[in-house]
Asks: 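One structure, pasted below without further comment.
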2 protein chains.
Amino acid sequence: MTDTAPRPTLEAVAARAGVSRATVSRVVNGGDGVRDVLVERVRKAVDELGYVPNQAARSLVTRRHDAIAVVVAEPETRVFADPFFALQLRGISKELTAHDNQLVLLLTEGRDDHARVARYLAGGHVDGALVFSLHLDDPLPELIQRAGIPTVFGGRPGWSGDRREVVYVDSDNRGGARDAVRHLAGLGRTWIAHITGALDQTSAADRLDGYRDVMVDADPRLIAEADFTPAGGERAMRELLERCPDVDAVFAANDLMASGALRVLRGSGRRVPDDVAVIGFDDMRPVAEQTDPPLTTVRQDIEEMGRLMARLLLRGLDRDAPREGVGATPSSVVLPTTLVRRGSA
Amino acid sequence: MTDTAPRPTLEAVAARAGVSRATVSRVVNGGDGVRDVLVERVRKAVDELGYVPNQAARSLVTRRHDAIAVVVAEPETRVFADPFFALQLRGISKELTAHDNQLVLLLTEGRDDHARVARYLAGGHVDGALVFSLHLDDPLPELIQRAGIPTVFGGRPGWSGDRREVVYVDSDNRGGARDAVRHLAGLGRTWIAHITGALDQTSAADRLDGYRDVMVDADPRLIAEADFTPAGGERAMRELLERCPDVDAVFAANDLMASGALRVLRGSGRRVPDDVAVIGFDDMRPVAEQTDPPLTTVRQDIEEMGRLMARLLLRGLDRDAPREGVGATPSSVVLPTTLVRRGSA
DNA sequence: CAGCGTGGTGAGAGCGCTCTCGCGTGCCGA
DNA sequence: TCGGCACGCGAGAGCGCTCTCACCACGCTG
């Protein structure tokens with residue numbers, strides 16, 4: 001633990017380079033409209049002095065912070081038990097870094113923490129926010145929307161706020177679910193069950209919808225509600241076996257639950273995929289590849305989702321983000337999913 | 001995506017409350033030495049105007065940012081494949097939030113990114129840094145040390161820098177490994193093998209040392225070097241079986257590798273724990289509880305490590321962090337581990 | 001009653017930067 | 001040759017805050 005030394009200011013650089021503060025500022029910020037000689041001289045002085053601009057002073061006048069908040073609103077520890085969040089963060093970080101933005105991480109710690117986060121966001125410390133709010137009844141999205149700060153959501157916010165346009169990035173949960181169920185049907189399976197995720201999350205609801213799209217008049221007993229956890233998957237699988245012993249396929253709303261289901265199936269003496277085919281969702285490698293048999297699942301490009309969120313936000317801030325042709329006002333994006341065939345179906 | 005409205009300034013609040021800027025400032029920052037009447041009046045004005053201090057302006061004069069950088073230097077995606085990192089982050093976040101500090105996340109993106117991070121840290125944007133640098137040859141710790149910014153490391157940095165005191169928080173990797181191996185020995189096992197982690201990381205090296213502490217004159221063939229991945233664990237286990245078919249216990253340096261080893265053992269027709277007992281390290285629940293049989297492992301309190309890192313750093317900054325009696329200069333902490341008995345040993 | 005603290009308040013000087021504005025220089029066409 | 005017009009550069013005014021310092025009332029002591 002060492003202490004910070006006094007840092008050189010613009011003034012100091014200017015003095016050393018024999019120019020004015022303004023010129024140094026110009027050079028530091030791109031150097032347009034300054035003769036090459038001077039640019040060179042200033043650069044040298046900057047190097048020699050080890051000058052680094054004071055971001056606080058800069059923000060004070062520009063009202064920009066080049067910082068984006070990433071808000072993770074998750075009451076439970078669950079997000080942390082899977083790499084989902086970390087991968088998104090990674091994508092976000094890459095994109096932000098590429099555009100010289102910092103990432104300020106805000107994790108909510110329980111119920112009353114929303115206010116703190118909202119206050120922070122409203123406080124103008126950051127230029128925008130990337131928000132992960134997975135629950136339908138979460139008050140956070142609305143609070144943030146009210147804070148009047150540019151925001152992009154991770155996953156469709158299941159939230160019936162006012163008509164202001166909400167920008168989000170999501171996977172095609174419904175389509176992916178359809179693909180999974182169709183694949184099972186294509187395998188000749190007829191009793192295709194579904195283990196849902198926590199239905200207060202849009203992803204779970206959408207996957208259920210996808211299942212229903214294909215299984216239009218499915219026996220309701222084929223649907224077991226769970227919560228995205230392995231234990232929940234086990235419980236649901238047991239229920240299903242009890243209710244419908246003839247079940248010959250299971251589509252679980254995520255890999256974790258699928259792994260739980262697999263265990264129960266094995267315990268019940270069923271062979272996978274011979275007796276019962278199983279498909280998960282997410283393609284969490286550490287889980288999906290390690291199950292026995294390896295899990296067939298629906299992959300979503302999680303890192304890309306993160307990257308896209310950041311890109312949309314920065315574009316909305318109309319900064320140096322890539323333009324890619326069209327409109328200035330970014331709109332939501334739904335990324336495709338792909339079915340990854342492994343051993344379980 | 002909405003735009004930010006013009007925010008009220010100290011001046012505005014002062015005008016409304018009929019006092020001077022200085023007084024408002026005093027109230028906002030604790031309100032000592034101001035008559036209760038005025039405090040009340042100012043508070044009211046603040047509320048009515050929805051005043052939030054401009055952090056940039058404040059930092060400009062105080063030279064404090066109330067922000068801490070968390071640097072994760074991990075070339076591979078590995079950190080992201082496990083909840084380790086996320087849990088530490090959570091602990092860190094809790095502690096920082098409790099002391100009104102923001103968390104700025106810096107992820108390195110490959111080799112040349114160190115310079116960027118070092119520059120940022122040296123730039124005085126944050127008050128301190130929490131650094132995760134897992135590799136022995138990582139230049140980052142030294143760069144950061146040179147940046148002259150208060151730093152606490154996550155895990156013992158395996159780095160032979162100069163004699164300046166380095167503060168870190170680590171698990172008792174060596175002790176935990178000893179416990180694991182002793183437990184296996186206590187089970188009557190004699191051919192106890194070790195699957196190492198990536199030995200360029202201190203945690204792996206320390207766990208190996210712990211193994212050696214107990215198995216003082218172990219047959220070198222009982223040690224297989226791997227890399228913390230499930231695939232590496234599989235490979236190492238195959239090697240071990242080939243070299244020493246009589247192996248009756250395995251201590252893997254983490255749960256992921258243990259799960260790989262488990263699979264290979266099962267594939268080779270061995271029963272766990274009857275024929276071969278297996279112990280992992282980390283106690284990553286999603287992995288350890290889902291293996292077949294559930295994994296006996298060495299638990300470390302990851303979230304607590306994170307919390308402790310933050311606490312040490314804040315204390316070093318000598319701010320409102322808890323004092324807990326003693327010295328102002330914080331020193332490294334090594335947290336104890338505990339053996340968690342499940343089915344595999 | 002003069003003198004002197006003492007606690008509450010306001011005035012004002014910056015913190016380090018950006019950005020507008022205006023001035024000086026060199027170069028063009030008339 | 002001279003007026004104009006770029007263009008390059010510097011002076012200076014803030015951005016919103018903190019913090020020192022001087023000021024003013026008190027109430028106290030000598």
Side-chain angles (χ1 to χ4, degrees), chain A residues 4-43 45-46 49-67 100 122-127 319-320, chain B residues 4-43 45-46 49-67 100 120 122-127 319:
Chain A
T4 26
R7 299 197 295 120
T9 72
L10 248 204
E11 191 78 52
V13 178
R16 184 176 195 103
V19 297
S20 73
R21 264 192 350 264
T23 298
V24 179
S25 177
R26 278 188 270 259
V27 171
V28 170
N29 295 294
D32 293 328
V34 179
R35 275 179 307 154
D36 292 357
V37 220
L38 288 195
V39 171
E40 204 43 54
R41 205 136 42 102
V42 169
R43 290 251 164 80
V46 164
L49 261 38
Y51 170 77
V52 185
N54 180 321
Q55 186 61 39
R58 184 180 271 176
S59 300
L60 185 57
V61 32
T62 59
R63 275 124 203 307
R64 286 182 38 170
H65 302 84
D66 294 318
D100 277 320
H125 303 285
V126 292
D127 301 328
R319 297 242 268 278
D320 39 18
Chain B
T4 27
R7 299 199 294 119
T9 72
L10 248 203
E11 191 79 51
V13 178
R16 185 176 193 103
V19 298
S20 73
R21 268 198 339 270
T23 298
V24 178
S25 177
R26 278 187 272 259
V27 171
V28 169
N29 295 294
D32 292 330
V34 179
R35 273 179 308 154
D36 292 356
V37 219
L38 289 195
V39 171
E40 205 43 53
R41 238 191 309 155
V42 170
R43 291 250 164 82
V46 165
L49 262 39
Y51 170 76
V52 185
N54 180 321
Q55 185 61 39
R58 183 180 270 176
S59 300
L60 184 56
V61 31
T62 60
R63 278 126 200 307
R64 286 181 38 169
H65 301 84
D66 294 319
D100 277 319
Y120 181 79
H125 303 284
V126 292
D127 301 328
R319 295 241 269 279

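Any value given below was found using the heavy atoms of this structure, including those in side chains, with hydrogens, waters and symmetry copies removed. The sequence lines fix the lettering, A, B, ..., with proteins before strands; numbering per chain opens at 1. This structure is a prediction, so every number in the text was calculated from the model and none was measured.
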Asks: Quick one: CD on A/Q55 to CZ on A/R64, what's the gap to the nearest 0.5 Å?
Replies: 9.0 Å

Asks: Quickly work out the A/R64 CZ to C/dC19 C1' distance and round it to whole Å.
Replies: 15 Å

Asks: From the list D/dT18, D/dG10, D/dG16, which nucleotide is the closest neighbour of the side chain of A/A22?
Replies: D/dG10

Asks: Under 4.0 Å between a side-chain N/O of A/T23 and OP1 or OP2 of D/dG10, yes or no?
Replies: yes

Asks: Please report, rounded to the nearest Å, how far the C1' atom of D/dG14 is from the CZ atom of A/R58.
Replies: 17 Å

Asks: Identify the heavy atoms of A/Y51 and A/T9 that sit nearest to each other, and give their distance.
Replies: CE1-C, 3.6 Å

Asks: Measure from CZ on B/R7 to C1' on D/dC17 and round the result to the nearest Å.
Replies: 12 Å

Asks: Side chain of A/V34 only, please: which of D/dC9, C/dT18, C/dT9 is the nearest?
Replies: D/dC9

Asks: Tell me: NE2 of B/H125 to P of C/dG16, nearest whole Å?
Replies: 14 Å

Asks: C/dG10 base to B/R26 side chain: any donor-acceptor pair below 3.5 Å?
Replies: yes

Asks: Report yes if a side-chain nitrogen or oxygen of B/S20 is closer than 4.0 Å to either non-bridging phosphate oxygen (OP1 or OP2) of C/dG10; otherwise report no.
Replies: yes

Asks: Reading DNA chain D from 5' onward, which residue's closest nucleotide shows up sooner: B/V28 or A/G33?
Replies: A/G33

Asks: Just so I know, are the side chains of B/V34 and B/T23 near enough to count as touching, which here means a heavy-atom distance under 4.5 Å?
Replies: yes

Asks: Quick one: does A/L60's side chain get under 4.5 Å of B/N54's, heavy atoms only?
Replies: yes

Asks: From CD of A/Q55 over to C1' of C/dT18, roughly how many Å is that when rounded to an integer?
Replies: 12 Å

Asks: Compare the minimum distances between each of C/dG16, D/dC9, D/dC19 and the side chain of A/A57, then state the nucleotide with the smallest one.
Replies: C/dG16

Asks: Report the nucleotide, chosen from C/dG16, D/dC9, D/dT18, that has the shortest atom-to-atom distance to any side-chain atom of A/N54.
Replies: C/dG16

Asks: May I have the distance from A/L10 (atom CG) to D/dG10 (atom P), rounded to whole angstrom?
Replies: 13 Å

Asks: Can you tell me if the side-chain N/O atoms of A/R21 get under 4.0 Å from OP1 or OP2 in C/dT18?
Replies: no

Asks: So do A/V52 and B/Y120 actually touch side chain to side chain, heavy atoms under 4.5 Å?
Replies: no

Asks: Heavy atoms from C-beta onward define the side chain here; which of D/dC15, C/dC15, D/dC19 lies closest to that of B/L60?
Replies: C/dC15

Asks: Given C/dC17, is OP1 or OP2 found less than 4.0 Å from the side-chain N or O atoms of A/S25?
Replies: no

Asks: Rounded to whole Å, how long is the line connecting atom CG of B/D32 with atom C1' of D/dT18?
Replies: 15 Å

Asks: Any idea which of C/dT18, C/dT9, C/dG10 is nearest the B/R35 side chain?
Replies: C/dT9

Asks: What is the distance from CG of A/L38 to C1' of D/dG8, rounded to the nearest Å?
Replies: 9 Å

